[in-house]
Amino acid sequence: MDTREYILANVRKNQPANHELPGVPRFHRQPELLVSEFERSLKYMAGEFLASPPSDFAAYLRENFPNAKTICSAVPEYAGDRKPEDYRNWADAADIDVTIVRSPLGVAETGSVLLTENQLRVNTIGFLAHDIVILLDPKDIVENIHDAYEHRAFRESKYAVLMTGPSGSADIGGKTVHPAQGVMTLTVVMWPAEL
Amino acid sequence: MSVIDQAKNAAEFIEDKTHEVSFDKLIWMLRQKRDEAALQVPEWEQLRDLASAIKEHTLANLGPYLELFEANAKRNGVTVHWARDGHEHNQIVYDILKSRDADTLIKSKSMLTEECGTTPFLQSRGVKVSETDLGERIQQLDDEPPSHIVGPAFQKTTEDVAALFSKVYGSDPNKADPVYLAHVMREHTRPLITEAKAGMTGTNFAIAETGAIVTITNEGNADLSANAPKLRICSVGIEKIIPNNEHLAVFVRLLARSATGMPITQYTSHFRAAREGGEMHVVLVDNGRSDRLGMEKFWPSLKCIRCGACMNTCPVYRRSGGLSYGSTYMGPIGIITMPTFEIRRYSELPFASTLNGSCTNVCPVKINIHEQIYAWRGVMDEKHQTPSLKKQAMIIAGKLLSHPEAYRIATQSTETALKVLPRFAIYNHFNVWGRHREVPAPANETFHEWYRKNRTH
Ligand code: SF4
């Protein structure tokens, strides 16, 4: 018997008695406070929050990332020095200082934002960059993780990540520190999508 | 292989005060954070009930769910392999790498590959394997297995890591600062990531309805391993299947809160298909799981989502260190799973417990851990009597019980278990199972004095 057949036969033989599959409630509570809840959760995870688009985005970037030489923009709102498509070898995205990308979904409960290959185009720009600035339409914030998983991206994208604050590690001494292997800072800007 | 003598290993660990104290403090902090996080979610207990029911349903129908997962993964262009044991798994991985000339591999943390011994297998065949998770990398550099399933290097102090990095990377040995050390690690690991020819990750959940693999990391290790190189291999224990995204939400809400007290881990990553221009392989691994499914008392351990909460709350684990179990999984979850891999080798583990039930109370998927530990003692008593080592287990319990504060804290949130199992019964259980009636260490004598007087070897 080949391995697959063996495992499946042994599993079927040994399965315990059936248990009902429960339905999962949505656990909704305060839908009117989504943006402030999102802000609170994001900051708890060491993310930065901007309540509205800066009047001069280029100046904002210069001021906040003074050492940045390479800014990769995946959004029409800002030109940047690079486009994701410039990185034919995905590992080369390690030369990016700041990545700018739009998220289609935010989660108030956790401060998470969704990113998929549709926004990133070259997925590594979201991890190999030093810093990331994420634009999010406040209308795209949902209340909790249950709502988030209704998003079609989790059924249709090849790759989807719920990213929450900058990459961190608590492996030395148990307290979360930055940097780790991914971005060192993560900023979410409340920025309505262009119509 | 010889029997693991957890009690003796623990006694050695306790001799070294620095590590005992810092480990206990760190692990207890995680336990407290878990409690705070759980309190903030009004539906916490309901989520635990849901998680338990979803897992029980899936395990009761695991055959059909595995086939559904396989069909959907294939539809997404993923190549699905099946491995009966660790060796088959490692061979499959090696064959994939070899046929693509991939001699450098980056890994994100995976307990399954620890279980299978994948890294030594690949390294002995010329593949350069680099862990990307900071904790796992620290252990790799020090040639030591993980001491905790969530934080592999928790048993090391910051000073230990500073000394290790100075030896390996030439960094400042006197700078015992986690931020500095994390920088050192990032600097040295980045080139390994960008140059690797293949990436390998474990799996937290595999979604039957979408064929997606979900991997949760705090550094983005899985995302880097899966996206930087074109070749991506993913190891999946067959018990990791859950039906669909609706159910995934329940586990995502429970996992990080139970593990570290954070509302979510930084990266919850879903891989349904290979990246553009790449290829993705999934290896479904049995390694004893399908047999365990048929063990009437022990199959519920397959519900485990590897959060580590049972370890963090366990007074014996906290004061023994994770390495004392000599096993891939340690603490309460290790006690109830390791004997299914090798019953003789791990025959002493069920005695490394006070049976206070705290593990059962914190488990997000409601595994009856302490009842299983008790049941395993029965099995061991029938099959592998080793009274002298059981006596050593009592010594550890005695050490703990001689610290009333630690013990009180350890058991204060265990009302449910204590209803079933009053505190005095803990002594009785030892007496029931011990062949000789043993008197625990008197609280006013230090453990070291008592141990020296009573040691048997
Ligand atoms: S047994 Fe329960 S508490 Fe322990 S690691 Fe598994 S899920 Fe977590």
Side-chain angles (χ1 to χ4, degrees), chain A residues 3-4 6-8 10-22 24 27 41 44-45 90-92 94 109-112 117 123-124 126-128 145-146 148-149 154-155 157-183, chain B residues 26 29-30 43 50 53-54 56-57 59-63 66 82-84 88 132 134-135 151 153 158 161 178-179 181-183 186 189-190 194 210 218-221 223-224 227-228 243 245-250 252-253 260 263-264 266-273 275 286 290 293-294 299:
Chain A
T3 294
R4 178 182 182 279
Y6 166 83
I7 294 173
L8 283 172
N10 209 34
V11 163
R12 281 179 204 278
K13 184 176 90 185
N14 288 332
Q15 282 171 181
N18 193 26
H19 288 74
E20 281 293 297
L21 180 63
V24 179
F27 298 109
S41 306
Y44 183 79
M45 294 293 288
W90 285 22
D92 292 346
E109 178 191 358
T110 54
S112 312
E117 74 268 15
N123 295 345
T124 45
F127 310 97
L128 288 173
I145 290 289
H146 303 286
Y149 275 115
F154 296 105
R155 294 186 302 278
S157 311
K158 291 177 182 166
Y159 167 66
V161 57
L162 283 173
M163 207 190 268
T164 317
S167 168
S169 173
D171 281 340
I172 304 175
K175 289 214 177 63
T176 301
V177 297
H178 312 278
Q181 298 299 349
V183 293
Chain B
L26 192 165
M29 175 190 82
L30 292 174
E43 59 270 20
L50 284 166
I54 293 164
E56 288 182 5
H57 165 84
L59 290 167
N61 299 277
L62 189 57
L66 278 166
W82 297 74
R84 198 182 298 204
E88 271 190 24
T132 60
L134 174 56
T158 311
V161 179
V179 176
L181 295 166
H183 268 287
R186 179 180 162 103
T189 318
R190 279 235 150 182
T194 52
T210 63
N218 52 10
E219 300 189 49
N221 318 75
D223 308 83
L224 287 164
N227 285 313
N245 289 329
E246 182 190 10
H247 305 112
L248 176 60
V250 174
V252 168
R253 295 191 72 198
T260 60
I264 193 166
Q266 285 88 339
Y267 296 84
T268 303
S269 310
H270 313 70
F271 303 95
R272 215 174 53 87
R275 56 159 272 198
D286 184 340
S290 63
L293 197 59
W299 71 265

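Numbered from 1 within each chain, the chains take letters A, B, ... in sequence-line order.
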Q: Is the shortest heavy-atom distance from the side chain of B:His183 to the side chain of A:Pro179 under 4.5 Å?
A: yes
Q: Is B:Asn221 in contact with chain A via its backbone, its side chain, both, or neither, using a 4.5 Å heavy-atom distance?
A: side chain
Q: Considering only heavy atoms, which portion of A:Ser41 lies under 4.5 Å from any heavy atom of chain B: side chain, backbone, both, or neither?
A: neither
Q: Does any backbone or side-chain atom of B:Leu50 lie under 4.5 Å from a heavy atom of chain A? Answer side chain, backbone, both or neither.
A: both
Q: Check whether any side-chain heavy atom of B:Val252 sits under 4.5 Å from a side-chain heavy atom of A:Tyr149, and report yes or no.
A: yes
Q: Which region of A:Leu8, side chain (C-beta onward) or backbone (N, CA, C, O), has a non-hydrogen atom less than 4.5 Å from a non-hydrogen atom of chain B, or is it both or neither?
A: side chain
Q: Side chain from CB out, backbone as N, CA, C, O: work out which of these in A:Glu20 comes under 4.5 Å of a heavy atom of chain B, or both, or neither.
A: backbone
Q: Using non-hydrogen atoms and a 4.5 Å limit, figure out which bit of B:Thr268 sits close to chain A: side chain, backbone, both or neither.
A: both
Q: With side chains defined as the heavy atoms from C-beta onward, is the minimum distance between B:Tyr267 and A:Met163 less than 4.5 Å?
A: yes
Q: Contact part of B:Val179 toward chain A, heavy-atom cut-off under 4.5 Å: side chain, backbone, both or neither?
A: both
Q: Which answer fits B:Leu26, side chain, backbone, both or neither, if we ask what part of it has an atom under 4.5 Å from a heavy atom of chain A?
A: side chain
Q: Okay, side chain of A:Asn14, backbone of B:Ser290: is any donor-acceptor separation there less than 3.5 Å?
A: yes
